[in-house]
Undergrad: 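Here's a structure for you.
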Amino acid sequence: MLSEAKSACQAALRSDHQHSDEAHPVPGKGYSLAHGHIVIAAITSCTNTSNPTVMIGAGLLARKARAKGLQPKPWVKTSLAPGSQVVTDYLEKSGLDKDLDALGFNLVGYGCTTCIGNSGPLQPEVAKLVEDHDLTVCSVLSGNRNFEGRINTHVKANYLASPPLVVAYALAGSILVDLTTEPLGIRADGKPVYLKDVWPTDAEIQAAIQQSLTPDMFRNRYADVFKGGEAWQKIQGNASLTYPWQNTSTYVKNPPYFTHIAPQTGELVDIKGARILAILGDSVTTDHISPAGSIKADGPAGRYLQHHGVDLPDFNSYGARRGNHEVMMRGTFANIRLSNEMLPGTTGGITTYFSKTKGVFPETLPIYTAAMKYQEEGTPLVVVAGKEYGTGSSRDWAAKGPLLLGVKAVIAESFERIHRSNLVGMGILPLTFLKGESRKSLALTGEEIIDITGVSSGIKPGMTVTCTITRSTGQTSTHTLLCRIDTQDEVDYFLNGGILPYVLRNLAKSSKKHGVNTSIFQS
């Protein structure tokens with residue numbers, strides 16, 4: 001398996017810009033970087049809270065490697081972030097915490113870190129070298145997410161591995177090392193050390209578990225799990241049934257989902273004069289759509305935070321600021337690996353903006369900026385995509401973000417099941433091309449104006465709608481699209497503008513029925 005992984009990695013690296021094996025010296029560091037080098041090795045919370053076997057295994061591997069004088073390669077950033085303090089307890093009792101610490105796998109906290117982009121920046125010298133030479137450097141993590149652009153903006157290739165293998169790859173320093181046949185490192189006496197020399201046996205792992213792990217550890221830790229640490233206990237809160245929104249907060253803001261909501265649903269309308277916000281390919285994941293990972297200083301979200309007095313070291317991540325829609329909508333479609341076919345040969349969250357003003361030439365803008373300009377003009381937006389749009393982990397902001405940007409419909413060849421449902425739940429119309437048609441067969445460039453009709457006459461599960469494409473030459477063509485609102489419940493959600501207004505209106509009806517005075521629609 002490891003040999004196959006090496007072969008696959010080599011093939012991928014060589015196909016990417018004809019990568020060479022040349023190593024580039026890192027100024028002032030005494031080592032060099034090349035394609036395939038591992039710059040992040042992280043044991044994360046996703047896979048180890050309920051599996052002491054792999055955590056103890058990682059500690060034992062670290063102990064054996066340490067005894068042989070091995071250390072992670074100096075370009076590897078290492079970290080340990082268990083999902084539970086119980087992990088710390090049994091690592092301390094076994095003494096394996098000292099071995100992990102000695103190899104740089106120091107405790108950095110509990111909970112989500114590397115998977116969501118919280119490993120922090122690379123060393124400035126390393127980051128600059130990666131940028132200057134377009135290096136494909138790697139991360140290895142024991143998490144469950146490794147989508148493009150999510151782990152670190154400078155790391156193109158990310159691989160999932162068990163905690164022991166994370167330690168092993170940190171020692172090897174390159175994803176191209178075949179751990180089954182090549183050494184992890186060289187001892188002081190010049191002898192090579194292989195994975196088989198440090199890999200713990202099942203008996204060793206079980207013996208360590210028996211000596212260090214007890215049920216009382218879980219009982220003691222979780223008996224006061226809601227008490228929190230000293231810092232948590234110092235946080236002051238108001239006892240109230242409703243949250244006291246603070247306009248100055250850059251973490252939590254009152255979202256606009258219920259702004260100007262009426263007691264009754266409005267009339268369905270067709271989508272007329274829509275512009276294409278992005279044309280995307282196959283297997284666009286929710287991580288391409290939804291904000292994840294670190295926040296770029298020179299992007300719309302970064303500029304928003306700086307405008308509100310937040311310094312770069314305090315940006316935190318999109319995951320931490322998911323309660324602020326102003327940050328999140330600016331990060332929607334902002335993934336550094338997003339490929340918008342409206343701008344061939346480019347990556348990142350940019351698009352072409354076509355103004356309504358005569359004589360104004362098309363502009364290349366961040367997707368957020370273009371979307372806001374379209375909103376000012378009253379221009380609805382659509383997104384066009386290929387197969388399996390919205391694949392990957394289910395992320396609510398992959399539907400919330402496009403809604404706030406003004407996206408009224410997504411036209412794709414096919415949808416990932418849950419994401420299609422989430423789009424309906426936010427009042428966005430999911431549409432699919434009929435067999436034989438696609439963005440490619442229609443030769444869409446993004447200059448087209450889109451009209452979608454048939455919606456205003458009523459929504460039924462499995463119905464079709466008409467899409468009229470007007471090209472920049474004035475030529476028009478008409479196409480039939482399948483509406484992927486599949487059930488009557490989804491019809492009800494869409495008629496209400498999404499599941500949130502649907503629930504709110506039902507609560508109001510229930511309150512009125514039982515004689516409870518409610519003013520939820522008066523704001």
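Below, each value reflects all heavy atoms present in this structure, side chains not excepted, and no hydrogens, waters or symmetry copies.
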Undergrad: Looking only at the side chains, is there a donor atom on one of R221 and S84 sitting less than 3.5 Å from an acceptor on the other?
TA: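 S84 and R221 do not have a side-chain donor-acceptor pair below 3.5 Å.
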Undergrad: I want to check something: taking the side chain as every heavy atom from C-beta on, are P430 and V424 in contact at a cut-off of under 4.5 Å?
TA: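 With C-beta onward as the side chain, the pair touches.
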Undergrad: Closest heavy-atom contact between R66 and A102?
TA: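 So the minimum-distance heavy-atom pair works out to NE-CB, 3.5 Å.
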Undergrad: Should we say atom NZ of K387 is surrounded by more than 12 heavy atoms from elsewhere, each under 6.0 Å from it?
TA: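 Atom NZ in K387 is not packed in, count stays at 12 or less.
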Undergrad: Would E416 and R420 pass as an ion pair if we require N to O under 4.0 Å?
TA: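 No, no charged N to carboxylate O under 4.0 Å.
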Undergrad: Counting distance only, does the side-chain N/O of Q306 pair as donor-acceptor with the main-chain N or O of L312 below 3.5 Å?
TA: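 No; judged by distance alone, with no hydrogens or angles, the pair does not exist.
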Undergrad: Should the pair E388-R417 be classified as a salt bridge under the 4.0 Å nitrogen-to-oxygen rule?
TA: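 Salt bridge flag = no for R417 with E388.
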Undergrad: Going through the checks in order, is the side-chain hydrogen bond (donor to acceptor under 3.5 Å, both in side chains) test met by R395 and T286?
TA: CA-CA 6 Å; R395 299 178 64 86; T286 50; 5.0 Å; no
Undergrad: Evaluate side-chain contact (heavy atoms from CB on, under 4.5 Å) for V384 paired with L280, printing each intermediate quantity in order.
TA: CA-CA 6 Å; V384 179; L280 308 173; over 6 Å; no
Undergrad: Quick check on side chain to side chain contact (heavy atoms under 4.5 Å, CB included): which of V108, L103, D101, L107 does F105 satisfy it with?
TA: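 Between F105 and the candidates, side chain to side chain contact (heavy atoms under 4.5 Å, CB included) is satisfied uniquely by L103.
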Undergrad: Give a yes or no on whether a salt bridge exists between K156 and D134, defined as a side-chain N under 4.0 angstrom from a carboxylate O.
TA: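 Salt bridge flag = yes for D134 with K156.
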Undergrad: Do the side-chain N and O atoms of R330 and Y304 include a donor-acceptor pair separated by under 3.5 angstrom?
TA: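 No, Y304 and R330 have no side-chain donor paired with an acceptor closer than 3.5 Å.
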Undergrad: Could you tell me whether the side chain of V410 reaches within less than 4.5 Å of the side chain of F415, counting heavy atoms only?
TA: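 Result yes, sub-4.5 Å side-chain heavy-atom pair found.
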Undergrad: Hey, does the side chain of T369 reach the backbone of L365 with a donor-acceptor pair shorter than 3.5 angstrom?
TA: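 No: the side chain of T369 does not pair with the backbone of L365.
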Undergrad: Would a 4.5 Å heavy-atom cut-off, applied to side chains only, mark T114 and I40 as touching?
TA: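 With C-beta onward as the side chain, the pair touches.
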Undergrad: To the nearest 0.5 Å, tell me how far L305 CG sits from N324 CG.
TA: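 Interatomic distance, L305 CG to N324 CG, rounded to 0.5 Å: 7.5 Å.
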Undergrad: Are the side chains of M329 and Y368 in touch, meaning some heavy atoms are under 4.5 Å apart?
TA: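 Yes, their side chains come closer than 4.5 Å.
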Undergrad: Relative to the ring of Y31, is the ring of W75 parallel (under 30°), tilted (30 to 60°) or perpendicular (over 60°)?
TA: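 W75 vs Y31 ring planes: tilted.
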Undergrad: Give a yes or no on this: more than 12 heavy atoms of other residues, nucleotides or ligands lie within 6.0 Å of atom NZ of K64.
TA: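 It does: K64 NZ has more than 12 such atoms within range.
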Undergrad: Side-chain contact test, heavy atoms from C-beta onward, threshold under 4.5 Å: evaluate it for Y493 versus S421 and give yes or no.
TA: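 Answer no - side chains too far apart.
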Undergrad: D298: what forms a side chain to side chain donor-acceptor pair (under 3.5 Å) with it, not counting sequence neighbours?
TA: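 Side chain to side chain donor-acceptor pair (under 3.5 Å) check on D298 returns nothing, list empty.
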Undergrad: Does a salt bridge link R322 with D396, judged by any charged N lying under 4.0 Å from a carboxylate O?
TA: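 Salt bridge: yes.
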Undergrad: Evaluate whether atom CG of D224 has more than 12 neighbouring non-hydrogen atoms of other residues, nucleotides or ligands under 6.0 angstrom away.
TA: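 It does: D224 CG has more than 12 such atoms within range.
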Undergrad: Is it true that the NZ or CZ of K400 lies under 6.0 Å from the centre of W397's six-membered ring and within 45 degrees of the ring axis?
TA: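 Judged by the rule, K400 and W397 form a cation-pi pair.
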Undergrad: Count the heavy atoms belonging to other residues, nucleotides or ligands that lie under 6.0 Å from CH2 of W232, then report whether that count exceeds 12.
TA: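 No, because the 6.0 Å sphere around CH2 of W232 holds 12 heavy atoms or fewer from other groups.
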Undergrad: Ignoring hydrogens and geometry, is there a side-chain-to-backbone donor-acceptor pair from T346 to L343 under 3.5 Å?
TA: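 Looks like yes, one N/O pair under 3.5 Å.
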Undergrad: Is there side-chain contact between L165 and S162, with heavy atoms separated by less than 4.5 Å?
TA: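 Yes. Closest side-chain heavy atoms under 4.5 Å.
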Undergrad: Are any side-chain N or O atoms of N340 and backbone N or O atoms of I279, one a donor and one an acceptor, separated by less than 3.5 Å?
TA: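 Answer holds: yes.
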Undergrad: Step through the shown structure and confirm whether more than 12 heavy atoms of other residues, nucleotides or ligands are within 6.0 Å of OH on Y243.
TA: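 Yes, the 6.0 Å shell around OH holds more than 12 heavy atoms from other groups.
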Undergrad: Among V155, L33, V39, which one satisfies side chain to side chain contact (heavy atoms under 4.5 Å, CB included) with L135?
TA: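 Answer to the side chain to side chain contact (heavy atoms under 4.5 Å, CB included) test with L135 among V155, L33, V39: L33.
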Undergrad: With the side chain counted from C-beta on, respond yes when N158 and S139 share a heavy-atom pair under 4.5 Å apart, and no when they do not.
TA: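 N158 reaches S139 side chain to side chain.
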Undergrad: Answer with yes or no whether the side chains of T180 and D178 bring together a donor and an acceptor at under 3.5 Å.
TA: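 Side chains of D178 and T180: pair found under 3.5 Å.
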Undergrad: Can the ring centres of H419 and Y389 be said to be less than 6.0 Å apart?
TA: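 Yes.
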